Amino acid sequence: MTTFAKKFELIELNDIEALITNKVKEGGSIEYKSQMIRPEQLCAAVSSFANAFGGDFYLGIEEAEGDPTTTPGIEEDDIDACILRISHILQNGLEPRLARYDIKPFEVSPKHYVILIRAYRSWSRPHRVKQNNQFYSRKSNGKFPLDVHELREMFLGTTEFSKRYELFKEERLLSTFNEYGNVPFFIAHLLPLSCFENQYSLDVNLINQVNMTPLGTAGSNPRINIHGLYSESCDSEFNNTESRMQIFRNGIIELSTVRMMEYSTIIPYTIERQLIQAVKRQIYNYNVLEINEPFYFICSFYGVQDIGFLLGPEWSSLATWPLTEEKIILPDVLIDPKNLVTRSYEEIGLAIKPALDGLWNAFGLAEAHLNFK
C-alpha cells in the first residue's frame, strides 16, 4: 500500500522503510527520485498528481524498474532552506498555482533526508508547467503529457459536474415538494467535488458517529435508508415532517426544512445562525466520513412569493421591497475546510457570506449584515 492512503501528518520514517520492504512500485499515486531534479521536472511530477487524483512524490529514494531499493537521501546542510526552495519552485513554476500541497523531510542519516511532497487533487486543474508549457497527468504506469482531447475533457469537467447536479437537484426537488406539500421550504445541498466520480461510497456503519441533526431542530432520529443515512423532525401536533437530512452514498448532504419562515416572514439573523451551525456540523461530518476535499454549498427557497423580510425585532422593520419571485436561488459557495483555520462561527459565516448576501439582495438590500454576537 502506498503512503498516500495514510494521513500526511501521521507518516513516519518507518512508513518509508516499509515502502522498500513491501516493494511498493511506482504508479498512479507514488513516484521516487534519488536526487534533486530540475525545477521543470519537479513541477511536471507534482502537477501530474494534482491533475489526477493526488499522490506522494519522494526525493532521496533509489528505485530500480519502479521498485524502491534504498534511501540514500539528499544531502542538505539546511533542510529548512531546501523546503523553502522547493515550495518557491512549485509556487512560481505552475499556472494556475497549486492551492494545496505538503512537504515533509525525514532524516535517514546525518544531513541526508528523504523529502516527501504530497500533492492533493486540484480543483483548479489542469495546471501547466510554465517552463515547457506542458500539462501532465498520471495513470497506473506513471506520468504522461496530456493531449488536446484529454485537456478538453479536463476543462469540461466543471460543465459535466453542473449537468449532473441539475439532474440530481430536479429529482430531489420533486421528492421535497411531495413531502412538504404547498408550504414554503428551504433546501441546501453540500456537494464534494468528486461526488459524481464514483470515488466514494458511504459507510453506513458510521451512523452513530455523524451528526444527523436536521435544520431548525435540536435532536435527531437517524436511520439507514436506500440512499444512505436519513433523519427527520416532525411537528408534535399533526406529526407532519418539517425538517429532513440525508447523507447520500456518494457524500452529498441534503438539508431541507419548512422552519426557515415564521408567520410568512424570513428573519435573516435566525436563518444565518442556523446555516452557519449547519455548515459547521457538516464539516465535522465530512471529517468523520474522511471526505477531505472542497465542497459546494448550494441553497434555495421555494414557494416564497409575498414572503416578508424582517430586519429587526419590530414588524415595522420589514424590508420595503416586496418579494415577487416564487423562488430564491442563492449564489453557490465553494468551501475548502483546509482553509478554515478556527472553524469558528465567524469564520464559517464569512465563508458562506456570498450566499447570505444573495438572500438580502432578493429583498433589495446590498449585503448581509452578519451578527456574530
Side-chain angles (χ1 to χ4, degrees), residues 157-204 206-207 210-217 220-235 240-261 266 271 274-275 277-279 281-283 285-286 289 291 293-305 307 325-335 352 355 358-359 362:
T158 303
T159 302
E160 181 63 23
F161 180 95
S162 299
K163 289 180 179 178
R164 297 191 67 174
Y165 174 60
E166 286 304 317
L167 291 174
F168 170 84
K169 181 180 178 182
E170 183 178 346
E171 176 185 330
R172 296 307 305 164
L173 282 176
L174 180 60
S175 170
T176 308
F177 276 118
N178 289 338
E179 182 66 44
Y180 293 140
N182 191 29
V183 179
F185 67 86
F186 169 88
I187 185 168
H189 289 124
L190 295 89
L191 300 100
L193 290 184
S194 64
C195 63
F196 296 122
E197 298 181 5
N198 300 318
Q199 296 293 317
Y200 180 80
S201 180
L202 174 67
D203 180 0
V204 295
L206 295 172
I207 186 169
V210 293
N211 188 323
M212 293 296 296
T213 306
L215 277 169
T217 63
S220 64
N221 58 342
R223 62 179 184 267
I224 298 170
N225 67 2
I226 188 64
H227 299 299
L229 300 178
Y230 177 80
S231 181
E232 67 181 19
S233 176
C234 301
D235 72 86
N240 294 325
T241 302
E242 292 190 336
S243 292
R244 301 196 301 174
M245 176 177 173
Q246 176 78 55
I247 302 181
F248 292 89
R249 295 183 184 274
N250 62 0
I252 293 176
I253 297 177
E254 178 180 278
L255 304 164
S256 66
T257 184
V258 299
R259 294 177 176 172
M260 284 292 197
M261 283 70 72
I266 288 175
I271 289 174
Q274 290 183 8
L275 292 186
Q277 290 171 345
V279 170
R281 285 197 295 265
Q282 305 326 313
I283 291 174
N285 284 340
Y286 279 141
L289 300 175
I291 298 179
E293 62 186 67
F295 61 87
Y296 279 108
F297 177 60
I298 303 175
C299 47
S300 309
F301 292 83
Y302 289 88
V304 291
Q305 186 173 6
I307 288 285
E325 304 289 337
E326 278 288 336
K327 59 186 177 182
I328 305 173
I329 310 297
L330 301 182
D332 304 348
V333 177
L334 182 62
I335 299 173
I352 68 170
L359 176 60

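All values reported here derive from a predicted model rather than from experimental measurement.
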Within the 4.5 Å heavy-atom criterion, are [X] and [Y] side-chain neighbours or not?
| X | Y | answer |
| --- | --- | --- |
| Gln274 | Thr217 | no |
| Glu179 | Thr176 | no |
| Leu255 | Arg244 | no |
| Ile283 | Phe295 | yes |
| Ile266 | Leu359 | yes |
| Gln282 | Asn211 | no |
| Glu232 | Arg223 | yes |
| Phe301 | Ile329 | no |

Taking atom [atom1] of [X] and atom [atom2] of [Y], what is their separation to the nearest 0.5 Å?
| X | Y | atom1 | atom2 | value |
| --- | --- | --- | --- | --- |
| Ile298 | Asp332 | CD1 | CG | 4.0 Å |
| Phe248 | Cys195 | CZ | SG | 11.0 Å |
| Tyr230 | Ser220 | OH | OG | 12.0 Å |
| Phe186 | Ile328 | CZ | CD1 | 10.5 Å |
| Lys169 | Leu174 | NZ | CG | 14.0 Å |
| Asp203 | Arg249 | CG | CZ | 10.0 Å |

Do [X] and [Y] get their side chains close enough for a donor-acceptor pair, meaning under 3.5 Å?
| X | Y | value |
| --- | --- | --- |
| Ser256 | Tyr180 | yes |
| Asn250 | Glu197 | no |
| Glu293 | Ser194 | yes |

Indicate the ring-plane relationship of Phe161 and Tyr296, choosing parallel, tilted or perpendicular according to the 30° and 60° boundaries.
tilted
Should the pair Tyr302 and Phe185 be assigned to parallel (<30°), tilted (30 to 60°) or perpendicular (>60°) ring geometry?
parallel
Closest contact, heavy atoms only, [X] versus [Y]:
| X | Y | answer |
| --- | --- | --- |
| Thr213 | Met245 | O-SD, 3.7 Å |
| Pro214 | Ser233 | CG-N, 4.3 Å |
| Ala355 | Pro331 | CB-O, 3.7 Å |
| Gly251 | Tyr286 | O-OH, 2.8 Å |
| Gly228 | Gln246 | N-NE2, 3.6 Å |

Asn221 backbone acceptor or donor facing Ser231 side chain under 3.5 Å:
yes
Would you say CD of Glu170 has more than 12 non-hydrogen atoms from neighbouring residues, nucleotides or ligands within 6.0 angstrom?
no
Which pairs count as salt bridge (charged side-chain N to carboxylate O under 4.0 Å, His left out) when at least one residue sits in residues 252-261, sequence neighbours excluded?
Arg172-Glu254, Glu242-Arg259
Show your reasoning for whether side-chain contact (heavy atoms from CB on, under 4.5 Å) applies to Ile252 and Leu190.
CA-CA 6 Å; Ile252 293 176; Leu190 295 89; over 6 Å; no
Tell me, with the steps shown, if Met260 and Leu275 meet side-chain contact (heavy atoms from CB on, under 4.5 Å).
CA-CA 10 Å; Met260 284 292 197; Leu275 292 186; 3.6 Å; yes
Test salt bridge (charged side-chain N to carboxylate O under 4.0 Å, His left out) applied to Glu325 - qualifying residues, sequence neighbours left out
none
When the ring centroid of His189 is compared with that of Phe168, is the distance short of 6.0 Å?
yes
side-chain contact (heavy atoms from CB on, under 4.5 Å) filter on Tyr200, not counting sequence neighbours, yields Leu202, Leu289, Ile291
